[in-house]
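As structure tokens, the structure follows; a few thoughts come after it.
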Amino acid sequence: MSPIVKKERNYNIDLLRIISAFAIVVLHVAAKNIYNVNIMSNRWLAFNIYELAVRWAVPVFVMISGVFFLDVSKELSLKKLYAKNALRLVTAYVFWSAVYALEHLFMYNYDAKKYFLDFIGGENFLWFLVLMVSLYLYTPFLRKITADRSSEKHFLLVFGILFILIPTILSFVSPEMFKKVNFLFYERHQISLFCGMVGVYYSFYFVLGHYLHNTKISKEYKHILFLIAAVALVVSVVATVNISRARGGYILHFYRFLSVTVAIESAAVFVLFDNVRLKLKDKTKKIITTLSACSFGVYLVHMLFVEGLDFLGYKTTDFNSFISVPAYSVAIFLAALLVSYILNKIPYLNKYIV
């Protein structure tokens, strides 16, 4: 494998961003009622299949960011990185935390104290914004790493072992020990988030995105990667379902974003879309660019619809879950896309909340 240089706009990345945004919607739609159904039921099986099939979405979002922020051929000032990029995430976090807290206030009749705590803690999925701010803090250092090909490879090897391989092995070999050091490996743990350690863990994906994007991979290696990823997904589904049902409780080893199987799947999805040969007309390019620009807004907005529909009684358990999950996902994605598109057209708001 040898390094290559890509200077023109890569619509593959735009397409990957759109696909990842939709995968996030599927992830949360499938997860909404997974704990409310019988573990032996086909509904639970459907939720698991869909959720495990898109666990790569969050890591891939991080990898996409790494493509741009770690490109040393493009100048990136600290002022732009922190006063523009990081600030946008902070303001988005504050705004959407308030919005979701208000939604919960309406749905669950929270008192003032509960509303405040909900606002400070933020909606569960907003942890991703904290993650990205953490990564921005480390970006100047990581750009030093990606400037040297050898250093980049060694970084991926060391961090892959420390934060992907070891935690995965530990979670199986010694579950009790893993629980004791969970704050070191669980990305949403408060210690990890607010101490910025989550950025250290996910810097593996951040750098991996840059590395894969700038590497020419032979067809044979691609096929091997895709095959391994397919096997990893099948193993994840079969093992999760069978072990969980055998033990009568949820076994979530394969759900971790920082796991070997998800890392392999994330790399495979990234390589697949990053290397697809696209022959696009100008109109199609414009559509893809527009949808890509709205993807961040989709991420921020979609849970309003996921929670709202569930609150109104439209649940994924109302009919066959193998059908309800993709059906609701498409509807919610399109609704969130419309809201994001409108917000992106509003001056000032489009710079700070989407």
Side-chain angles (χ1 to χ4, degrees), residues 11-34 43 46-65 92 95-96 99-100 103 123-129 132 233 255 257 262 265-266 269-270 272-273 276 278 280 283-346 349-350 353-354:
Y11 291 96
N12 296 64
I13 294 296
D14 287 316
L15 183 60
L16 180 57
R17 188 182 282 113
I18 298 167
I19 297 297
S20 298
F22 177 71
I24 288 291
V25 175
V26 175
L27 179 70
H28 291 141
V29 169
K32 183 61 182 176
N33 290 295
I34 195 170
R43 294 191 188 283
F47 294 151
N48 268 281
I49 291 175
Y50 282 120
E51 191 168 356
L52 286 167
V54 294
R55 297 303 291 181
W56 50 264
V58 169
V60 166
F61 259 130
V62 175
M63 293 168 72
I64 291 172
S65 295
F95 177 84
W96 290 105
V99 169
Y100 281 100
E103 183 191 41
E123 180 75 358
N124 190 35
F125 76 98
L126 291 178
W127 73 273
F128 180 76
L129 303 188
M132 293 309 302
L233 175 58
Y255 274 67
F257 296 125
V262 173
E265 292 161 18
S266 301
V269 170
F270 185 90
L272 174 63
F273 282 93
V276 172
L278 299 176
L280 306 173
K283 185 176 181 180
T284 305
K285 290 180 179 179
K286 185 176 181 180
I287 293 174
I288 291 177
T289 302
T290 301
L291 294 178
S292 177
C294 293
S295 61
F296 182 52
V298 169
Y299 182 90
L300 296 170
V301 169
H302 78 282
M303 281 303 292
L304 287 174
F305 295 101
V306 173
E307 295 182 344
L309 286 175
D310 191 78
F311 176 76
L312 293 173
Y314 298 97
K315 301 179 182 294
T316 50
T317 54
D318 290 340
F319 53 99
N320 191 314
S321 296
F322 283 101
I323 299 175
S324 67
V325 171
Y328 279 128
S329 296
V330 170
I332 290 171
F333 176 76
L334 292 176
L337 186 63
L338 177 60
V339 173
S340 178
Y341 179 79
I342 294 173
L343 291 176
N344 271 281
K345 291 297 182 180
I346 302 176
L349 289 183
N350 58 3
I353 67 168
V354 289

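Just so you know, these numbers come straight off a predicted model, no measurement behind them.
- Aromatic ring centres of Tyr299 and Phe125 lie closer together than 6.0 Å.
- Within the 4.5 Å cutoff, the side chain of Val54 has no heavy atoms near those of the Phe22 side chain.
- Between Trp56 and Phe270 there is no side-chain heavy-atom pair separated by less than 4.5 Å.
- Annotation: cation-pi geometry satisfied between Arg55 and Phe257 (NZ/CZ under 6.0 angstrom from ring centroid, within 45° of ring axis).
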Inset, instruction - Go through the steps for Leu27 and Tyr50 under the test side-chain contact (heavy atoms from CB on, under 4.5 Å), then give the verdict. - result: CA-CA 7 Å; Leu27 179 70; Tyr50 282 120; over 6 Å; no
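- Side-chain contact between Glu103 and Met303 is absent, with no heavy-atom pair separated by less than 4.5 Å.
- Between the side chain of Thr290 and the backbone N or O of Lys286 there is at least one donor-acceptor pair closer than 3.5 Å.
- Put simply, the side chain of Ser20 gets close to the backbone of Leu16: a donor and an acceptor are under 3.5 Å apart.
- Arg17 and Asp14 are joined by a salt bridge, as a carboxylate oxygen and a charged side-chain nitrogen come within less than 4.0 angstrom of each other.
- No side-chain donor-acceptor contact under 3.5 Å links Trp96 to the backbone of Val301.
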Inset, instruction - Go through the steps for His28 and Glu51 under the test side-chain contact (heavy atoms from CB on, under 4.5 Å), then give the verdict. - result: CA-CA 8 Å; His28 291 141; Glu51 191 168 356; over 6 Å; no
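- No more than 12 heavy atoms of other residues, nucleotides or ligands sit less than 6.0 Å from atom OH of Tyr314.
- Separating the CZ atom in Phe296 from the CG atom in Leu343 is a distance of 11.5 Å, to the nearest 0.5 Å.
- We find the OG1-CG distance between Thr316 and Asp318 to be 8.0 Å, quoted to the nearest 0.5 Å.
- With contacts defined as side-chain heavy-atom distances shorter than 4.5 Å, the pair Phe61/Ile24 qualifies.
- Residues Val262 and Pro59 form a side-chain contact, since some pair of their non-hydrogen atoms from C-beta on lies under 4.5 Å apart.
- Tyr11 contributes no side-chain N or O that, together with a main-chain N or O of Ile288, makes up a donor-acceptor pair within less than 3.5 Å.
- Rounding to the nearest 0.5 Å places CG of Leu15 at 9.5 Å from CG of Leu291.
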Legend entry - Residues Ile34, Asn48; criterion side-chain contact (heavy atoms from CB on, under 4.5 Å); working and verdict: CA-CA 8 Å; Ile34 195 170; Asn48 268 281; 3.9 Å; yes
